[in-house]
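The structure under discussion appears below in the form of C-alpha cells.
All values derive from a computational prediction rather than experimental measurement.
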Amino acid sequence: MHAFSHGTTSSTAVAVPPSLALPVIEELFPRQLHPYWPKLQEKTRVWLLEKRLMPADKVREYADGLCYTDLMAGYYTDATEEVLQAIADYSAWFFVWDDRHDRDIVHGRPDDWRRLRHRLHAALDSPRHHLHHPDSLVAGFADSVLRLYAFLPRTWNRRFARHFHEVIEAYDREFRNRTAGHVPKVEEYLALRRLTFAHWIWTDLLEQGAGCELPEPVRKHPAYSRPALLSQEFAAWYNDLCSLPKEIAGDEVHNLGISLVTHEGFTLEEAVDEVRRRVEKCVSEFLEAEREALRFADGLADGTTRGKELSAAVRVCVGNMRNWFSSVYWFHHESGRYMVDSWDDRSTPPYVNNEAAGEK
C-alpha cells in the first residue's frame, strides 16, 4: 500500500514504503502547516549560515531538503511568527548538535565532546555571555536559547533549562555507550530515549506555541501529561522504525529495535514488527487520551478570565500534540536525513561536517 503526501519542499508526491505506512495517520491526522512556513524556511537557512552551523555549500545543497523547518511548521501551528522562528532555529541547531555528537563518536574525539558538553551547560545558564563563543555550535545555542527565553516568565525559562541540562547529560551517556559498544536493555533504552529525544523540551515548547505558561497542576494532570507523553513516544519510536537501517549502517547502539534484537532474542524482522506495534498503540491510546484532555480543558473554563485563558491554552497545546503525529510521519519520508540508500557511504550522512570543531 502506498500513501502520498504533497511535500512542502517540492510538488512531487511522496511514496511511503508499505512497511512504514500508517493508514491511521494518513486518514485521521490531517496535515497542518503554519502559513509562515515559506518565510520560516528562508530565515532558518540564513540563520544557519550566519551562525556558521553548517558550511555554506552544505546549506545550499541540503538545508531545504532536510525539512527541519517543515517539521516545526507542522507542529506548533498556532504559534506567533516570532515564536515559531525561534523554535525552528533551535530545532535546526538541535539536529546539527546531534550530528556533531555522532561525528565526535565516529572519529574518536572524546576530548572535543567533553569540552562541548561543559560549554553547552554554561551557555544554557548564561546564554548572553556565550553569544560570541568561538565554537559556532555554542554561540548558535546561546542565540536560540536567549530568544526562547524572551516569551514566557522566568519560571518557564528555569524549567526549560533544567530539562535541557538533563538532555545534555543523556547525550553524554549515549557517547559513553557507543564508545564502549554497550547496547542498553529495553527499559534502560526507553528511559534514555525520553531524554535524548527531548520529550520534555518539545512539551515545554507547546506552551510557547500557545503563548501561555501552564501552572504545574495543569501540566502534571494526567489528562494533560498523558497525551503529551504519547505524542512524544510515537515520534521517538517511529523515528526508531524509520532510522533503523541508517543506525545499523552507522554502528549505532541506541534504537528500540537494536535493543530488542540484542537483549530479547528477537530476529530483526520480529523487532521491526514489535516497534511498529508500539507505534500503532501510541496512536490508538492518544485518540482516547485526546478526548479526555479536551474534557479537561473544558473543565478549566470556570467562568473566570484566568480559567478561560487556561482552557484555551490547553486546547491549543492538545491540538499541537495532535499535529506532531502527522508532522513527524511525513518528515521521515520527505527529509534527506533518512534517505540512507541514496548516500555514497551509508555510514556517513552527506550533509555533515566531519571535521573537528570548536576552540582547541
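Classification of Glu280 and Arg276 as a salt-bridged pair holds, one side-chain N sitting under 4.0 Å from a carboxylate O. Ion pair Arg178/Asp102 flagged as a salt bridge, since at least one NZ, NE, NH1 or NH2 atom sits closer than 4.0 Å to an Asp/Glu carboxylate oxygen. By the 4.0 Å N-to-carboxylate-O rule, Arg45 lies too far from Glu42 to be salt-bridged with it. Contact check on Glu274 versus Arg277 returns a salt bridge, with a Lys/Arg side-chain nitrogen under 4.0 Å from an Asp/Glu carboxylate oxygen. With salt bridges taken as basic N to acidic carboxylate O contacts below 4.0 Å, one links Arg176 and Asp172. Using a 4.0 Å cut-off between charged nitrogen and carboxylate oxygen, Arg159 and Glu207 count as a salt-bridge pair.
Considering every non-hydrogen atom in both Ala210 and Ala313, the closest pair reads CB-O, 3.9 Å. Taking each heavy atom of Lys220 and Ser225 in turn, the nearest pair found is O-OG, 3.9 Å. Residues Tyr75 and Asn323 approach most closely at O-ND2, 3.0 Å, considering heavy atoms. Taking both residues in full, the closest heavy atoms of Ala56 and Leu49 are given as CA-CD2, 3.5 Å, listed atom of the first, atom of the second, then distance. Residues Gly336 and Trp343 come closest through the heavy atom pair O-NE1, 3.7 Å. The minimum heavy-atom distance between Leu124 and Pro127, with the atom names listed, is O-CD, 3.7 Å.
Val24 and Leu20 fall within a single hydrophobic cluster, where Ile, Leu, Val, Met, Phe, Trp and Tyr are joined by side-chain heavy atoms under 4.5 Å apart, directly or via other members. By the criterion of side-chain heavy atoms lying less than 4.5 angstrom apart, applied directly or through intervening Ile, Leu, Val, Met, Phe, Trp or Tyr residues, Trp324 is grouped together with Leu294 in one hydrophobic cluster. Under the 4.5 Å side-chain heavy-atom criterion for ILVMFWY residues, no single connected hydrophobic cluster contains both Leu229 and Val328. Residues Leu206 and Trp200 do not share a hydrophobic cluster, clusters being chains of Ile/Leu/Val/Met/Phe/Trp/Tyr side chains in contact below 4.5 Å. If you chain together hydrophobic residues whose side chains sit under 4.5 Å apart, Phe94 and Val83 fall into the same group.
Of the inter-residue distances, the one linking Phe141 atom CZ with Leu137 atom CG reads 9.0 Å to the nearest 0.5 angstrom. For the atom pair Asn255 CG and Trp237 CH2, the distance stands at 12.5 Å (nearest 0.5 Å). The line from CG of Leu28 to CZ of Arg322 is 7.0 Å long, rounded to the nearest 0.5 Å. Here CD1 of Ile168 is found 13.5 Å from NE2 of His163. Values are rounded to the nearest 0.5 Å. The CD atom of Glu174 sits 5.5 Å away from the NE2 atom of His101 when rounded to the nearest 0.5 Å. Taking OG of Ser91 as the start and CG of Leu84 as the end, the distance is 10.0 Å to the nearest 0.5 Å.
Judged by distance alone, the side chains of Asp125 and His165 do bring a donor and an acceptor atom under 3.5 Å apart. With no hydrogens or angles considered, no side-chain donor-acceptor pair links Glu264 and Ser259 at under 3.5 Å. Using a 3.5 Å distance cut-off with no hydrogens or angles, the side chains of Glu26 and Tyr329 do pair a donor with an acceptor. When only modelled atom types and interatomic distance are considered, Asn157 and Arg162 share no side-chain donor-acceptor pair under 3.5 Å. With no hydrogens or angles considered, a side-chain donor-acceptor pair links Tyr338 and Asn239 at under 3.5 Å. Judged purely by distance below 3.5 Å, without hydrogens or angles, the side chains of Tyr351 and Glu61 never pair a donor atom with an acceptor atom. For the 3.5 Å distance criterion, the side chains of Ser326 and Gln32 fail to qualify, holding no donor opposite an acceptor. For the residue pair Asp143 and Trp93, no side-chain donor N or O sits within less than 3.5 Å of a side-chain acceptor on the partner.
In this structure, Arg226 contributes its side chain and Ala289 its backbone to no donor-acceptor pair below 3.5 Å. In terms of modelled atom types and a separation under 3.5 Å, the side chain of His254 and the main chain of Pro184 share no donor-acceptor contact. Judged by distance alone, the side chain of His107 and the main-chain N or O of Arg109 form no donor-acceptor pair under 3.5 Å. For Ser136 (side chain) and Arg52 (main-chain N/O), a donor-acceptor pair under 3.5 Å exists by modelled atom type.
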Apply the test ring pair (Phe, Tyr, Trp, His ring centres under 6.0 Å) to residues His34 and Tyr76: give CA-CA distance (whole Å), side-chain angles for both, the deciding distance (0.1 Å), then the verdict. CA-CA 8 Å; His34 199 291; Tyr76 302 102; over 10 Å; no

What do the steps show when you test Arg100 against Asp112 for salt bridge (charged side-chain N to carboxylate O under 4.0 Å, His left out), and what is the final call? CA-CA 10 Å; Arg100 170 88 74 86; Asp112 290 326; over 6 Å; no

Can you check side chain to side chain contact (heavy atoms under 4.5 Å, CB included) on Asn177 and Leu192, steps first, answer last? CA-CA 11 Å; Asn177 284 346; Leu192 181 61; 3.9 Å; yes

Show your reasoning for whether side chain to side chain contact (heavy atoms under 4.5 Å, CB included) applies to Val253 and His182. CA-CA 7 Å; Val253 298; His182 169 67; 5.9 Å; no

Asp135 vs Arg115, test: salt bridge (charged side-chain N to carboxylate O under 4.0 Å, His left out). Steps then yes/no. CA-CA 10 Å; Asp135 185 335; Arg115 278 191 292 267; over 6 Å; no

Criterion side chain to side chain contact (heavy atoms under 4.5 Å, CB included) on Phe325 and Leu22, from CA distance to verdict: CA-CA 11 Å; Phe325 286 83; Leu22 295 175; over 6 Å; no

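Under the rule for a salt bridge (charged side-chain N to carboxylate O under 4.0 Å, His left out), the partners of Lys281 that lie at least two apart in sequence or sit in another chain are Glu285. Listed by chain and number, the residues in a side chain to side chain contact (heavy atoms under 4.5 Å, CB included) with Asp98 are Tyr171, Arg337 (sequence neighbours excluded).
His129 NE2: 12 or fewer foreign heavy atoms inside a 6.0 Å radius. With a 6.0 Å radius and a threshold of 12 heavy atoms from other residues, nucleotides or ligands, Lys58 has its NZ atom above the threshold. Counted within 6.0 Å of CZ on Arg154, heavy atoms from surrounding residues, nucleotides or ligands total 12 or fewer; the atom is thus considered open. Crowding of Arg114 atom CZ: a count of heavy atoms from other residues, nucleotides or ligands under 6.0 Å exceeding 12.
Relative ring orientation between His130 and His133 is described as parallel, the plane-to-plane angle staying below 30° on a 0-90° scale split at 30° and 60°. Relative ring orientation between Phe160 and Phe164 is described as parallel, the plane-to-plane angle staying below 30° on a 0-90° scale split at 30° and 60°. Below 30°, between 30° and 60°, or above 60°: for His199 and Phe197 the angle between ring planes is above 60°, a perpendicular geometry.
For the salt bridge (Lys or Arg N to Asp or Glu O under 4.0 Å) with Glu233, the qualifying choice from Arg194, Arg193, Arg278 is Arg194, the only one to do so.
Looking at Val352 and Tyr62, their side chains never come closer than 4.5 Å, going by heavy atoms from C-beta outward.
Taking the six-membered ring for Trp and the full ring otherwise, the centers of Trp202 and Tyr90 sit less than 6.0 Å from each other. Ring centroids of Trp47 and Tyr68 are separated by 6.0 Å or more, keeping the two rings apart.
Applying the salt bridge (Lys or Arg N to Asp or Glu O under 4.0 Å) test to residues at least two apart or on different chains, the pairs with a partner in residues 80-92 are Asp89-Arg147.
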